[in-house]
2 protein chains.
Amino acid sequence: MTETSRNSAHEGGQPGRIGIGLELDATHLKILEVLRENGRISVAALAERVGISRANAYTRFEALRADGAIKRFTAEIDHVRAGLGITALIFVTVRQQMWRQFRAQLAAMPEVEYCAITTGQHDAMIQVRVTDVAAVHTMVTDRLANIPAVKATETVFILDEVLRRPYVLPSDRGPGRSARRPAHDPADSPGSGGPAGGSGGARSSGGEVPLGMMRFVGAAEGRAQLQRDA
Amino acid sequence: MTETSRNSAHEGGQPGRIGIGLELDATHLKILEVLRENGRISVAALAERVGISRANAYTRFEALRADGAIKRFTAEIDHVRAGLGITALIFVTVRQQMWRQFRAQLAAMPEVEYCAITTGQHDAMIQVRVTDVAAVHTMVTDRLANIPAVKATETVFILDEVLRRPYVLPSDRGPGRSARRPAHDPADSPGSGGPAGGSGGARSSGGEVPLGMMRFVGAAEGRAQLQRDA
DNA sequence: GTTGAAATTAGTACGAA
DNA sequence: TTCGTACTAATTTCAAC
């Protein structure tokens with residue numbers, strides 16, 4: 001229920017159908033644009049803001065929902081007012097072939113708001129919200145340390161959340177640049193084929209990383225099985 | 001409009017009033033609980049699910065909105081279906097006394113979905129969503145590198161988003177544990193007073209960090225002025 | 001894909017407990 | 001404060017164009 005979609009996989013929509021199920025046109029994107037800023041707007045008002053008829057808005061709204069382009073509607077809550085003033089990032093190194101266990105344990109931790117599998121030095125990044133700094137320490141040393149799948153952790157505190165956009169859309173880019181494929185020199189790509197298939201040469205540097213350097217690989221050993229493990 | 005609230009500051013609610021403006025009781029939390037999972041629920045249905053009258057639900061709903069506990073309602077969008085299949089984290093080291101410029105430049109980058117100021121090796125972490133890997137490279141080398149405030153970057157790709165909860169609430173914890181202050185030994189805190197006032201001793205380690213180690217400081221030089229700079 | 005009308009539901013205001 | 005009810009306004013649905 002709380003699991004998000006895989007980057008490269010579908011999420012239980014129509015079984016057998018992997019790719020896109022709905023071709024999003026400019027109007028669809030416009031609807032998403034309005035909806036991400038005001039998720040409680042009525043469809044009637046939405047139609048007016050987008051510039052289409054109400055019936056059309058209802059049809060498209062329902063299509064976006066059914067297709068999965070809109071996953072859910074949610075309220076953005078002020079964590080500080082809700083009593084969770086401390087936010088931390090915990091970078092986790094996961095023991096190989098224990099991803100499934102790691103995922104299961106994560107689901108049982110209510111203070112975890114976000115978890116992503118990453119390339120680079122660590123294997124996963126989790127964001128937690130707790131009441132005080134001590135709770136972070138408890139979380140890392142007591143709860144995470146007791147998971148066999150967790151090999152090592154590194155914790156960082158979030159001092160300030162500068163920016164949070166309610167989901168980026170390709171239409172955010174100016175009309176001059178293509179949304180599908182921004183203009184660039186095709187020769188200077190660091191690696192083609194996407195990160196999910198990443199298994200290129202190891203370029204792990206120890207100290208300060210110069211501008212633009214990417215940690216593309218380094219902890220990919222246990223990640224190949226990720227696709228079928230969980 | 002897209003700026004989120006400071007961890008330790010208010011956000012333009014009632015001027016002069018810093019702390020909490022509304023004491024949240026169990027019913028308020030219950031409302032938030034429902035609303036974060038279904039932001040489009042009608043107040044009538046909300047009242048029924050929470051177990052209060054409609055009039056009461058309207059009053060509390062409005063109070064939560066006015067107080068700022070609910071910041072906004074938004075639609076969760078499937079970035080892959082929207083055409084932004086690549087997600088990356090860029091860790092940025094910011095040149096001292098250039099935070100204001102850094103923040104301003106960030107606002108002009110539509111592909112940035114989230115940016116947080118952190119403790120640890122780097123100063124900020126930004127999450128970007130783009131169409132392909134090449135766009136990440138372009139973003140880092142062309143756009144970020146041209147910001148004088150940016151000293152160094154380190155990029156990591158997100159292979160999978162395992163978990164995303166629509167905002168964690170203190171009520172997520174079981175009823176046995178206190179929401180305000182979880183039971184723990186007060187002596188084993190890594191540092192008291194919260195991370196916002198962080199200026200403790202430097203404990204920066206170079207290689208693999210053992211379990212539970214925290215990068216509490218290390219790049220705090222330019223961060224003290226953060227409170228008044230931007 | 002659009003417009004317009006009917007049915008339903010949502011939002012407001014009030015007095016009572 | 002909270003609840004219940006009645007009133008008003010809006011939204012959603014469904015029809016025909």
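Heavy atoms only: backbone and side chains are in, while hydrogens, waters and symmetry mates are out.
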Item to complete: Take atom CG of B:Asn56 and atom P of C:dA17, then tell me their distance rounded to the nearest Å.
Response: 19 Å

Fill in: Whole-Å distance separating the CG atom of B:Leu46 from the C1' atom of C:dT9
16 Å

Worksheet item: Is it true that B:Glu33 and B:Lys30 make a salt bridge, defined as a side-chain N closer than 4.0 Å to a carboxylate O?
Response: no

Discussion item. Angle between the end axes of the helix from C:dG1-D:dC17 to C:dA17-D:dT1, five pairs per end, to the nearest 10 degrees?
Written reply: 30°

Worksheet item: Has the side chain of B:Asp172 got a donor or acceptor atom that lies under 3.5 Å from a matching backbone atom of B:Leu169?
Response: yes

Worksheet entry | side chain to side chain donor-acceptor pair (under 3.5 Å) contacts in which one or both residues fall within residues 55-65 of chain A, not counting sequence neighbours | A:Asp25-A:Arg60, A:His28-A:Arg60, A:Asn56-A:Arg60

Fill in: N or O in side chain of A:Ser42 less than 4.0 angstrom from D:dT11 OP1/OP2
yes

Discussion item. Looking at B:Arg60, I'd like to know whether one of its side-chain N or O atoms comes within less than 4.0 Å of OP1 or OP2 on D:dT1.
Written reply: no

Practice prompt. Whole angstrom is fine here: how far is it from CD in B:Glu48 over to P in D:dG4?
Written response: 12 Å

When you compare the protein's N or O atoms with those of nucleotides 4-7 of chain C, which come within less than 3.5 Å of each other, and at what distance?
none

Item to complete: Measure the spacing between CD1 of A:Ile70 and OH of A:Tyr167 and express it to the nearest 0.5 Å.
Response: 12.5 Å

Worksheet item: Is it true that A:Glu76 and B:Arg72 have a side-chain N and a carboxylate O under 4.0 angstrom from each other?
Response: yes

Discussion item. Side chains of A:Asp123 and A:Thr118, heavy atoms from C-beta outward: is any pair under 4.5 Å?
Written reply: no

Fill in: B:Ile41 CD1 - C:dG11 P separation (whole Å)
11 Å

Worksheet, complete the sentence: When rounded to whole Å, the CZ to C1' distance for the pair A:Arg65 and D:dT12 reads 15 Å

Worksheet item: Are the charged groups of B:Glu161 and B:Arg129 less than 4.0 angstrom apart, N to O?
Response: yes

Discussion item. Pick the closest DNA chain C nucleotide for A:Ser53 and for B:Val43 by heavy atoms, then say which residue is nearer the 5' end.
Written reply: A:Ser53

Fill in: Whole-Å gap separating P (C:dA13) and CD (B:Glu62)
12 Å

Worksheet entry | Over 12 foreign heavy atoms within 6.0 Å of CZ, B:Arg40 | yes

Worksheet item: Starting at CD1 of B:Ile52 and ending at C1' of D:dG4, how long is that distance when rounded to a whole Å?
Response: 14 Å

Fill in: Length of the line joining B:Phe61:CZ and C:dA10:C1', which is rounded to integer Å
12 Å

Discussion item. Check B:Glu111 with B:Arg143, please: is the shortest side-chain N to carboxylate O separation under 4.0 Å?
Written reply: yes

